[in-house]
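To find a chain, count down the sequence lines: A is the first, B the second, and so on, and within it residues start at 1.
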2 protein chains.
Amino acid sequence: MPTVSSEELAAAAGVNSAKLRKDFSYLGSYGTRGVGYDVEYLVYQISRELGLTQDWPVVIVGIGNLGAALANYGGFASRGFRVAALIDADPAMAGKPVAGIPVQHTDDLEKIIQDNGVSIGVIATPAGAAQQVCDRLVAAGVTSILNFAPTVLNVPEGVDVRKVDLSIELQILAFHEQRKAGEEAAADGALPGAAAAAARKAAADQGPDGDVPAVMPA
Amino acid sequence: MPTVSSEELAAAAGVNSAKLRKDFSYLGSYGTRGVGYDVEYLVYQISRELGLTQDWPVVIVGIGNLGAALANYGGFASRGFRVAALIDADPAMAGKPVAGIPVQHTDDLEKIIQDNGVSIGVIATPAGAAQQVCDRLVAAGVTSILNFAPTVLNVPEGVDVRKVDLSIELQILAFHEQRKAGEEAAADGALPGAAAAAARKAAADQGPDGDVPAVMPA
DNA sequence: CTGTGTGAACATCTTCACAGCT
DNA sequence: AGCTGTGAAGATGTTCACACAG
């Protein structure tokens, strides 16, 4: 399949074809009228724009169950991420290989960051250690941090942090599950009309993709 | 602090106070004019609406590193989730306790679901096993599935699936990182004006919260 | 003729600003 | 006087529909 139309891609992604074309148009005019998009060329252009063609060395700090799971996660390599180092505070872990990579001790954190030119760090430590690890990563030159620890991190201007809370997705499922159960029971007045209407509408969107309001704090 | 104003909450959450008030208003009129919101009452109302006051038994299928990490994750209990059972296909795992809960064998999946009245399942298996596990969960009565396996699951109408791809967040960080690096180098024409403008704007939003376009497939 | 690229119309979301309750 | 709750205005996002390139 050398070429693909916006219509086909839209159907596959479950969106409107006009939206897809408009989104693509922000990247440039990579399609051919009357024909569609050249698959290989399109994949390359999107990959480049998203930064997938670059090599991104990352370090994972905190090699517990989650850190190990991340180190073993296959999806990283295919998206340009290379696990440059695993770091843990437990001296007993030092030297032990996880996912084929020897764990190094926190003492060498700064040196590891600098030697590998790492700018993205993943924090998978317990909550108590996260801020301290974060500060050291930032001081050593890391400018993007993915935080799995259940804490809000304070970082200086210019450093990006994204927090992943594994329970939020479950919460969204539970929210919809709750409404599946109480569908017609809504007549008992438990939900004040507007909320019921808003919720009904959210559920009508395809699947449970209506996220929790942006206002809800993590 | 018995009471709190929309202004205070908005500042804490980093949003506009009008937005916060409007969002709250969809749940009902729980504030007092001239005073603010009663903290305890507000927390209860939001919790109830989100389903946090209910007890949600969940099963985790696939007790590798990720499954174990999830089983140990503290955030679940505080949000009404109870890990009712851990299930794995490896007979050697059966009976071994993880996070204080004995792992059970996949053979008993249907019985476990039914005995515990489970309606939410978490899939943390390898990609190859995910669809099969999903089918069995659905057949046994599960109606919401959180999928960590890197596959798209097919489910019948009425079943909700949410997919978590741990590399997407990293990808978003890398995207912004890429633009931090090539900020003024954009003059070399690598980015077609519109995309550069759109990207610049997204970055100007607080933090890296500008997500990847909805169109991008997982 | 087919299917992109895009102004214009429409829809949704956010913010403003203020009436009205406490 | 202070702060909510909410219409109306403004901003942003999505879809329509069609001119035009191949």
Of the nucleotides D/dG5, C/dG5, C/dC16, which has the atom closest to the B/A18 side chain?
C/dC16
Please state how far atom CG in A/L20 lies from atom P in D/dC16, giving the value in whole angstrom units.
14 Å
Output the rounded distance in Å from CZ (B/R21) to C1' (D/dC3).
7 Å
Can you tell me the distance, in whole Å, between the CG atom of B/L27 and the C1' atom of D/dT4?
14 Å
Just to verify, what does B/T143 make a side chain to side chain contact (heavy atoms under 4.5 Å, CB included) with, not counting sequence neighbours?
A/E177, A/K180, B/S119
Applying salt bridge (Lys or Arg N to Asp or Glu O under 4.0 Å) as the test, list every pair that has at least one member in residues 143-153 of chain A; sequence neighbours left out.
none
Scan for salt bridge (Lys or Arg N to Asp or Glu O under 4.0 Å) pairs involving residues 126-143 of chain B, sequence neighbours excluded, and state none if there are none.
B/E110-B/R136
Between side-chain atoms of residues 64-75 of chain A and protein atoms elsewhere (two or more places apart, or another chain), which donor-acceptor pairs fall under 3.5 Å?
{"residue": "A/N72", "atom": "ND2", "partner": "A/A68", "partner atom": "O", "Å": "2.9"}
{"residue": "A/Y73", "atom": "OH", "partner": "B/D165", "partner atom": "OD1", "Å": "3.1"}

Between C/dG5 (C1') and A/E7 (CD): distance, integer Å
15 Å
Looking at C/dT14, I'd like to know if its phosphate oxygens (OP1 or OP2) sit under 4.0 Å from a side-chain N or O belonging to B/K19.
yes
Nearest-Å distance, CZ (B/F24) to C1' (D/dT6)?
16 Å
Considering heavy-atom distances to DNA chain D, does B/S6 or B/K22 have its closest nucleotide positioned more toward the 5' end?
B/S6
How close or far is atom P of D/dT14 from atom OH of A/Y26, stated in whole angstroms?
9 Å
So, for B/V118 and B/A84, which heavy atoms are closest and what is the spacing to 0.1 Å?
CG2-CB, 4.3 Å
Once you round it to whole Å, what is the distance between P of D/dC3 and OH of B/Y30?
22 Å
Atom CD of A/Q114: over 12 foreign heavy atoms under 6.0 Å
yes
So, is A/S5 near the phosphate of C/dG3, with a side-chain N or O under 4.0 Å from OP1 or OP2?
no
Check the distance between C/dT6's P and A/N16's CG and give it to me in whole angstrom.
17 Å
Looking at residues at least two apart in the chain, or sitting in another chain, which of them share a side chain to side chain donor-acceptor pair (under 3.5 Å) with A/Q54?
B/Q178
Stretch residues 31-38 of chain A: residues that reach within less than 4.0 Å of DNA chain D through a heavy atom
A/T32, A/R33
